[in-house]
Amino acid sequence: MKTAYFDNASTTPVDKRVVDKMQSCLSADGTFGNPASTTHSFGWMASEEVEWARETVADCIGAGPGEIVWTSGATESDNLAIRGSVQAMRVSTGRTKIITMESEHKAVIDTCSHLDDVNVVILKPKPSGLVCMDALAKVLDKDTLLVSIMLVNNETGVVQPIQTIARLAHDVGAFVHSDLAQAVGKLQWTVDQLGIDLGSLSAHKVHGPKGIGALYVRRGRCQVAEQQHGGKHERGMRSGTLPAHQIVGMAEAYRLSKKEVYPEIQRLDRIRDQIEETLEDLGGIQINGKRGVPHILNFTVDGVDGERLMAAMPRIAVSTGSACNAATVEPSHVLQAMGLSRQQGLSSIRVSTGRMTTEDDVTMLLDSLRHAISQLRRSA
Ligand SMILES: *Cc1c(COP(=O)(O)O)cnc(C)c1O
C-alpha cells in the first residue's frame, strides 16, 4: 500500500518534464560541455543552455538575467547574501547592524549569529507569526546595514509584508534580503513589487532538483563579496563550474510553476479548506499562524504528542516542523517564537501539499487524522 506524501515544504518530487530537460544536459549525445569553455562548441552550447535558464528564472521573478547568481540552493544563497553583503559593505558604509527574526530559517539566523563585528537584532514575531512593524521601526536606524526577513515561512506558511518592510528599511538606507524558497509558484510577486535587494531561491521546493538555487542581487545597488574562491564565475560572486543539468532543471521547474500558478493556487486552497474543515470537526485543534500560502498548514492538537500522532498514521508522510531540526527533539523554534509552549510545540504537525497531491491522498490524510486523533484521545 502506498504512503501519501504531505511534506512538500521539505522537498518535492522532480516533475517528469524537468527530468527530461535535465537529461538533455548530461551524456555524450547531449549538452554536457563546461559552460565556461570558450574554445569549442561543447562549451558554447552548454553556455547557451545556462543563459536560457538564467533568463527564464529571472523572468519568473521579474528580474534581469544579470541579477541572477547560481548557487547550490537557498541555504548557500542565504549565506552568500548575508555574509557577502556584510563583508562587501560593512566598512564602506560604516554600518554594523543586521535585523532579522526568530522565525527565520536557520540558514539565516545562524549565518547572522556567526558574523564578527556585527550587531544582530533578532525580532520576535507576533503570535500570528507576522513581524511587529512598531518593533521593526524602533530598531531600524542609520546604523542598519541589512534587514533579512523571509517572504513565506516554511513551517507555518505565514506571508510577511515585505513591501512595507522594504520601504521602512530603505528609508534609513538599509538593504533588504528575503528568503524566497517557499514563495515560488504559490504566490504572485516580483522582486520590484517586493522592493528587495537580495533574494534566495531554491529549485527543489517547486518540483526541481535538489542542490541548485540562485541568489537574486539587485543591479547597481548591492555588493556581495564571494564566499568561495576559484575561477571567478558568476561575475566574481560565486566560483565553481556551473552544473548545466541542475540549472536547466531549476529553470524548467520555475517556468512550469509560473505557467501553472493560478490553477495550482486554487486547487491547493481547496485542499487546505478541506483539511481545515476536518480539523474543526475534530475540535481542540489550533491552526498556527495567520493564513498565508495555500500549501502549508501547521496545527496543534491539544493533548496529543506530534510524534505519537505520526506513528499512528504510518501511511501518511507529514512533519513536526522543519526537517532541518529533525535530529533533535526540540520543538520548532518558529512555533516557540510565536509564543507556543514547549508542549504545544511538540503537539504540532505541518501538512504541506504540492503538484503531485491527489484527491486520494487527501482522503487518506483526512481519514487517518480522524482515526488517529480520536484513538489517541480515547487512550489518553
Ligand atoms: C528549504 C528551505 C531552505 C533551504 O534550501 P536548500 O535549497 O535546501 O538549501 C531555506 N529556506 C527556506 C525558507 C526553505 O524552505
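FYI, the numbering just counts along the sequence from 1. One-based numbering, in listed order, for ligands and for the atoms of each.
When D179, L180, I212 are checked for heavy-atom proximity to atom 10 (C) of ligand 1, D179 turns out nearest.
The local environment of CZ in R308 is sparse, with at most 12 non-hydrogen atoms from other residues, nucleotides or ligands closer than 6.0 Å. Counting non-hydrogen atoms of other residues, nucleotides and ligands closer than 6.0 Å to CD of Q228 gives a total above 12.
Neither the backbone nor the side chain of K210 has any atom closer than 4.0 Å to an atom of ligand 1 (non-hydrogen atoms only). Contacts of A181 with ligand 1, taken as heavy-atom pairs under 4.0 Å, involve the side chain alone. Of all the heavy atoms of M150, the ones lying under 4.0 Å from any atom of ligand 1 belong exclusively to the side chain.
The shortest N or O to N or O distance between K205 and ligand 1 is below 3.5 Å.
Between the H114 side chain and the D110 main chain, a donor and an acceptor come within less than 3.5 Å of each other.
Applying the 4.0 Å criterion to heavy atoms of S202 picks out, from ligand 1, the atoms 6 (P), 7 (O). Listed by number with element, the atoms of ligand 1 under 4.0 Å from a non-hydrogen atom of A74 are 3 (C), 4 (C), 5 (O), 6 (P), 7 (O), 9 (O), 10 (C). For ligand 1 and Q182, the ligand atoms under 4.0 Å from any heavy atom of the residue are 15 (O). Listed by number with element, the atoms of ligand 1 under 4.0 angstrom from any heavy atom of T75 are 4 (C), 5 (O), 6 (P), 9 (O). Proximity to H204 (heavy-atom distance under 4.0 Å) selects the following atoms of ligand 1: 6 (P), 7 (O), 8 (O). Short contacts between ligand 1 and G73, defined as distances under 4.0 Å to a heavy atom of the residue, involve ligand atoms 7 (O), 9 (O).
Nearest heavy-atom pair, A337 versus K124, reported as atom, atom and distance to 0.1 Å: O-CG, 3.6 Å.
When each of T144, D143, N119 is checked for a side-chain hydrogen bond (donor to acceptor under 3.5 Å, both in side chains) with T96, only D143 meets the rule.
Atom CG of L180 is separated from atom CD1 of I196 by 4.5 Å, given to the nearest 0.5 angstrom.
Looking only at atom types and distance, the side chain of H177 has a donor-acceptor partner in the side chain of S200 under 3.5 Å away.
Screening residues 52-64 for side chain to side chain donor-acceptor pair (under 3.5 Å) gives E51-R54, W52-T56, R54-E234 as the qualifying pairs, with residues at least two apart or on separate chains.
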